[in-house]
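Input: a single structure, listed below in C-alpha cells.
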Protein chains: 2
Amino acid sequence: MPRKPEYDRNDLIDRARDLFWRRGWAGTSLKNLEAALQMKPGSFYAAFGSKDALFELALDRYAKDGQLRLQILAAELGPIKALQRFPEMAIENDAAPAKACMLAKTVLELHARDHPLASRANAHLLKMETQFAELFQQAQSAGDVDKSLDPKVLARRYQSDLLGLRVSAEREGVDAKAIATEIADSLSLL
Amino acid sequence: MPRKPEYDRNDLIDRARDLFWRRGWAGTSLKNLEAALQMKPGSFYAAFGSKDALFELALDRYAKDGQLRLQILAAELGPIKALQRFPEMAIENDAAPAKACMLAKTVLELHARDHPLASRANAHLLKMETQFAELFQQAQSAGDVDKSLDPKVLARRYQSDLLGLRVSAEREGVDAKAIATEIADSLSLL
DNA sequence: TATATACTTGAGTGATCACTCAAGAAAGCC
DNA sequence: GGCTTTCTTGAGTGATCACTCAAGTATATA
C-alpha cells in the first residue's frame, strides 16, 4: 500500500558522512544537509529523526569503512605490510573530503561539550586500536616483529602516530607523505 | 580626562584563550564569553571588535606562550633534553583547558571553511616547527643527534608525533604519558 | 477504480547566533 | 564644580539554528 521513498538511504548516509567529515558537527547546518541530500526538512526528519542521529549513522559508517579497508589490506598484503601501507593510504586519497580522521575531529570538537557522539567516536578509535594490536600480534607470529614487544603498546603508539600524520596532512605546506613513509619504515625496525 | 576600563585586558585574553581552546571556535558563543569575561556585549565589542578578533588575540597568545615555554625549557635543560621533556609537559598540566593543541584544533575546525584563522593557526604551527628544527640542529652541534640527519625532517616528524600525542591525550582511556615517554626515548636513538 | 499508506513539500516554530546603539555612569582635567 | 571623554549597560537587531506539521502527492493493495 505504501509509497516508496525516492532516495537511496545508503547513498544519503555516504553524502552526509562526507559533509560531516569535512565540515564537522557544528559546521554542518541543516541547510547544508538539505542541499547535499536534496531533501526538504520534512523528508529529512522523517528519514533520520535528527541531525545527531544522522551524524551517528555517518560516524558508524566511517568507522566500519576504515576497519574494512584495513581488513582487506591485511588479507592482500599480510599484517606487517598492511600496517605499513595503511598510513599512506589514509592521506593519499584526493577524493576524500578531508585528510584528518573524522573520529579524531569528532572527539576534539565534541569532547568538551560532553556530547555522546564524542564518546562514540572514541569507542570506534578504541576498536581500531584493537585491530592494530591484532595485526601486530600476527606480525610477531610471522616473525616480522620482535616477540618481546607488547602488541598493545605498539598499537597505541601506531594509532597516535597515525592521528598525528592525519592532522599534519590537513595542514598546508607539510609533506605528509614523507611522514607516512617514515612511519612505515619505522615498523621495519621492530 | 577619560575613564579607565574596569578590566585587565591581559587577563581577559587569557580567559578567552582558555574558553576557545577548550570549546573551539563554533562551540564558544558570545554568551559563553560574556559569562567568562564578565562583560556585557557593549563593553565586549568596544574592547575587542568581534569574536574573531578576540579569537585571533587568544590564538596568538597561545602560540607565543608555547614558544616561550620551549625556549625556557631549552635554556634550562639544553636542546635535546628540552625536546624530550616538551611532549610530557604538553599533556601533564591538569589545569590546562584541554590536552589537544589549540592550533591543531583550530586548523581542523576551520580549514574546511577557508577561515583566515585556520591559516593563521597553521602559520603558528610552522613557526613551532622551525623552532624544533633549530633545537635539533643545536643538538647535533652538541653531539646528541647524528649529524647526517636533516633537522627539518626531524622537526617535521617530531611535530607530527606531538600533535598525535595531544590528540591521543584528549581521548578517554589512553595512556598518553606512556606515548610521551616513547617519543622522548626515541630521541635518544638519533 | 477506490482506499489506505506512505512520502514530499515548504512555510513557519521558538531559540539562539553575533552584533549594535542609545542612554547613563564614572573618572581625569580645567 | 563643570566639562569632556571614555566605559558600561542591556534591550533590541536581523539572520540563522534545528526542527515541526498540515496539506498535497504518489503508489500498492483490495
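Any value given below was found using the heavy atoms of this structure, including those in side chains, with hydrogens, waters and symmetry copies removed. Lettering follows sequence order; numbering is per chain, from 1.
Qualifying side-chain contact (heavy atoms from CB on, under 4.5 Å) partners for A/R22, counting only residues two or more places apart in sequence or in other chains: A/P97, B/A112. Not counting sequence neighbours, the partners of B/F136 by the ring-ring contact (aromatic ring centres under 6.0 Å, His included) test are B/Y158.
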Letter per nucleotide, 5' to 3', of nucleotides 14-21 of chain D [B base touched, S only sugar-phosphate touched, - untouched; heavy atoms, 4.0 Å]: ---SSBBB

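Comment: B/K99 engages B/D94 in a salt bridge, judged by a side-chain N to carboxylate O separation of less than 4.0 angstrom. Salt-bridge check for A/D18 with A/R61: failed, with every basic side-chain N at 4.0 Å or more from each acidic carboxylate O.
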Identify every side-chain donor-acceptor pair in residues 124-131 of chain B under 3.5 Å, counting partners at least two apart or on other chains, and give the distances.
unit_1 : atom_1 : unit_2 : atom_2 : d
B/H124 : NE2    : B/D60  : OD1    : 2.8
B/T130 : OG1    : B/L126 : O      : 3.0
B/Q131 : NE2    : B/Q67  : O      : 3.1

Sequence neighbours excluded and cut-off under 3.5 Å, please list the side-chain donor-acceptor pairs for residues 81-89 of chain B, or say none.
unit_1 : atom_1 : unit_2 : atom_2 : d
B/Q84  : NE2    : B/A184 : O      : 3.3
B/Q84  : NE2    : B/S188 : OG     : 2.9
B/R85  : NH1    : B/E88  : OE1    : 3.2
B/R85  : NH2    : B/E92  : OE2    : 2.9

Give the intermediate values and the outcome of side-chain contact (heavy atoms from CB on, under 4.5 Å) for residues B/V174 and A/Q159. CA-CA 11 Å; B/V174 177; A/Q159 171 100 291; over 6 Å; no

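Within residues 8-22 of chain A, no residue has any heavy atom closer than 4.0 Å to DNA chain D.
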